[in-house]
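Encoded as structure tokens, the structure appears first; notes follow it.
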Amino acid sequence: MDVEEFLKRDVNRRQFLDRSARNAAGMAAGVVGLASNLARAESSPGERVVLAGIGVRGQGKFLTSSMAEFPDVRVKTICDVDESVVPAAIKSIEKGQGVAPGFVTDFRRVLDDPEIDGVVIATPDHWHALMAIMACQAGKDVYVEKPVSHNLNEGLKIIEAARKHQRVVQSGIHQRSGSHFQSAIDFVQSGKLGEVKLAKAWIIHRRKPIGKKKNTPIPAGVNYDLWLGPAASRPFNPNRFHYNWHWFWDYGTGEMGNWGVHMLDIARWGLGVDLPERISASGGKYFFNDDQETPDTQVVQYSYSDKTIVWEHRLWSTHGMEGRNAAAAFYGDKGTLVVDRGGWKVYDRKDAATSGTSDQATSHHRNFIDCIKTRKTPTSDIEIGHVSSALCHLGNVAFRAGQEIQFDTRLNQIIGNEQANALLGREYRQDWELPQV
């Protein structure tokens with residue numbers, strides 16, 4: 001089963017939710033909230049926000065098309081290094097706003113356009129930080145997909161740039177905008193579960209192996225040198241290109257940076273913690289005999305002074321934990337709460353509270369637009385995005401180092417391990433170094 005099919009199926013497999021009044025009430029609340037957001041947009045259509053999308057093949061097409069449907073938004077320009085993905089993106093955006101956007105290949109042309117207020121970055125991970133920092137320096141507000149960076153040091157630099165240039169930077173951790181996620185966290189922090197010292201987060205699904213492929217000529221219409229950008233120069237290989245770049249350390253962050261950032265964000269939010277003091281990881285490529293570099297099996301433990309978070313992913317299995325494929329769970333001495341994108345439920349209590357699902361993505365996109373106008377801090381501000389992304393980076397560092405690491409949360413450094421500390425950053429190809437903020 002591929003991931004798109006999994007996502008469609010997962011929302012419909014609510015083993016713990018009532019399919020009656022509770023779920024209907026949750027859905028109604030989400031619809032009311034969405035209607036309120038759209039009404040707010042209609043109230044000031046003259047204050048039009050002009051956007052550009054950078055990276056528009058999959059998630060980027062979805063994001064720009066979603067925002068194009070707001071009456072106070074115009075997606076003026078889209079940018080991608082692969083011309084073959086552009087027609088579908090233009091068609092989707094034009095359907096939403098009634099006008100086709102323009103197209104450029106080089107994102108620097110977007111940053112040079114004084115009419116553009118904000119950029120939506122949905123490129124491979126290795127480009128997120130550089131583009132976000134350069135956009136802040138150019139006076140643009142930023143929506144940057146998760147993980148916000150390719151490594152921990154880059155995330156710190158984006159925060160620095162956002163604050164120095166007074167930019168709105170929304171990270172693409174859209175679950176923060178879901179009212180049912182918010183109510184779940186409120187319940188966890190209310191004390192009704194008792195003392196909550198342990199949270200778990202996971203993604204369990206079956207991905208397909210990507211096989212082994214030889215290098216090929218660069219496809220027509222692809223600016224491969226610009227696609228590589230800061231990453232090491234190497235011949236073109238289709239297995240390292242569209243989507244599969246997630247599974248190579250030069251460009252992606254594995255499943256931790258793909259799904260992990262979403263569920264770990266919920267886990268740390270509920271526990272009220274930031275970065276841990278100790279991180280240990282185990283796992284490997286146990287099932288996929290292919291070109292992938294990142295692990296298909298990974299378990300990470302994050303240790304705080306008095307709390308623990310445990311992450312697990314299995315990319316070759318369909319039996320999820322707590323009956324859920326992608327979720328977070330909070331374990332208290334008076335009850336357990338499990339939450340995913342379909343809702344939440346409390347176990348081990350007589351008054352077992354529950355909630356249905358809620359809108360997440362559209363509300364999150366609307367929040368970005370509203371914050372561009374009001375200059376308020378967005379729901380998933382860059383600091384939130386950085387910490388949750390850094391959890392994934394630290395989990396990967398511990399895995400790659402092959403031993404437990406100790407992290408100095410004050411200095412943002414790994415203690416006593418130069419090899420692991422080097423993995424908090426990376427080397428950059430000439431002419432694409434991390435910009436000085």
Side-chain angles (χ1 to χ4, degrees), residues 31-56 59-80 85-123 131-145 161-162 165-172 174 176-177 359-382 385:
V31 171
V32 169
L34 178 56
S36 175
N37 286 336
L38 295 178
R40 196 160 59 248
E42 292 281 12
S43 67
S44 55
E47 301 175 27
R48 190 174 297 277
V49 173
V50 180
L51 299 178
I54 306 175
V56 293
Q59 184 69 358
K61 182 179 75 171
F62 166 68
L63 293 172
T64 50
S65 300
S66 172
M67 296 183 198
E69 293 184 358
F70 297 135
D72 56 344
V73 170
R74 175 192 171 203
V75 178
K76 179 184 178 183
T77 307
I78 59 172
C79 174
D80 203 289
V85 308
V86 172
I90 289 178
K91 182 179 179 180
S92 183
I93 294 168
E94 185 176 12
K95 180 180 178 181
Q97 67 184 19
V99 179
F103 164 69
V104 297
T105 299
D106 193 326
F107 74 96
R108 289 168 291 190
R109 304 291 75 80
V110 167
L111 303 186
D112 289 340
D113 187 342
E115 189 178 357
I116 292 173
D117 301 306
V119 297
V120 179
I121 300 170
T123 61
M131 288 182 178
I133 292 169
M134 293 172 70
C136 287
Q137 292 173 329
K140 314 299 184 188
D141 295 317
V142 178
Y143 184 109
V144 57
E145 258 305 321
H165 299 285
Q166 299 181 316
R167 294 295 94 199
V168 169
V169 182
Q170 173 88 297
S171 61
H174 61 274
R176 288 255 176 171
S177 289
D359 174 74
Q360 297 148 54
T362 304
S363 296
H364 201 59
H365 306 160
R366 185 66 239 173
N367 177 250
F368 175 55
I369 302 304
D370 290 341
C371 289
I372 289 178
K373 292 183 173 186
T374 64
R375 312 313 296 169
K376 291 182 179 179
T377 302
T379 303
S380 288
D381 176 61
I382 184 58

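The basis for the numbers below is simple: all heavy atoms, side chains too, and nothing from hydrogens, waters or symmetry mates.
- Side chain of R167 to backbone of H165: a donor-acceptor contact under 3.5 angstrom is found.
- The minimum heavy-atom distance linking V169 with C136 is given by the pair CG2-SG, 3.9 Å.
- Residues meeting the side-chain contact (heavy atoms from CB on, under 4.5 Å) test with D112, sequence neighbours left out: R109.
- Judged as a side-chain contact (heavy atoms from CB on, under 4.5 Å), and not counting sequence neighbours, the contacts of T123 are I54, I121, W127, H128, M131.
- In this view, D381 and R163, T377, P378, E383 satisfy the side-chain contact (heavy atoms from CB on, under 4.5 Å) rule, not counting sequence neighbours.
- In this view, H174 and H262 satisfy the ring-ring contact (aromatic ring centres under 6.0 Å, His included) rule, not counting sequence neighbours.
- Proximity of a side-chain donor or acceptor of K140 to a complementary backbone N or O of I116 within less than 3.5 Å is detected.
- Under the 4.5 Å side-chain criterion, counting only non-hydrogen atoms from C-beta, D141 is in contact with R375.
- Judged by distance alone, the side chain of S171 and the main-chain N or O of S380 form a donor-acceptor pair under 3.5 Å.
- Residues passing the side-chain hydrogen bond (donor to acceptor under 3.5 Å, both in side chains) test with Q137, sequence neighbours excluded: none.
- Taken to the nearest 0.5 Å, the OG1 atom of T374 stands 11.0 Å off from the CD1 atom of I369.
- Heavy-atom minimum distance, E145 versus A122: CG-CB, 4.1 Å.
- The shortest heavy-atom contact between F368 and V119 is CZ-O, 4.3 Å.
- Residues T379 and Q170 share a closest heavy-atom pair of N-OE1, 3.6 Å.
- Here the shortest heavy-atom pairing between F62 and A361 reads CZ-CB, 3.9 Å.
- Taking the side-chain hydrogen bond (donor to acceptor under 3.5 Å, both in side chains) definition, one finds that Q166 meets it with nothing, sequence neighbours left out.
- For the pair L51 and T64, the minimum side-chain heavy-atom distance is 4.5 Å or more.
- Shown here for F70 and T362, the closest heavy-atom pair between the two residues is CZ-O, 3.8 Å.
- Residues forming a salt bridge (charged side-chain N to carboxylate O under 4.0 Å, His left out) with D80 (at least two apart in sequence, or on another chain): none.
- Taken from CZ in R176 to OG in S363, the straight-line distance is 15.5 Å, to the nearest 0.5 Å.
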Would you mind writing out the side-chain donor-acceptor pairs for residues 93-104 within the sub-3.5 Å range, not counting sequence neighbours?
from	atom 1	to	atom 2	distance (Å)
Q97	OE1	V75	N	2.8
Q97	NE2	V75	O	3.0
Q97	NE2	V99	O	2.8

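- Remark: S66 OG to K61 NZ distance equals 13.0 Å, nearest 0.5 Å.
- Between atom CE of residue M67 and atom NE2 of residue H365 there is a gap of 5.0 Å, rounded to the nearest 0.5 Å.
- Annotation: side-chain hydrogen bond (donor to acceptor under 3.5 Å, both in side chains) contacts of T77 (sequence neighbours excluded): none.
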List the steps and the verdict of side-chain hydrogen bond (donor to acceptor under 3.5 Å, both in side chains) for S177 and N367. CA-CA 8 Å; S177 289; N367 177 250; 5.1 Å; no
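- For the pair D72 and K373, the minimum side-chain heavy-atom distance is below 4.5 Å.
- Residues passing the side-chain hydrogen bond (donor to acceptor under 3.5 Å, both in side chains) test with D117: none are found, sequence neighbours excluded.
- Looking at residues two or more places apart in sequence or on another chain, you find no side-chain contact (heavy atoms from CB on, under 4.5 Å) involving K91.
- In this structure, E47 CD and D370 CG are separated by 10.5 Å, a value rounded to the nearest 0.5 Å.
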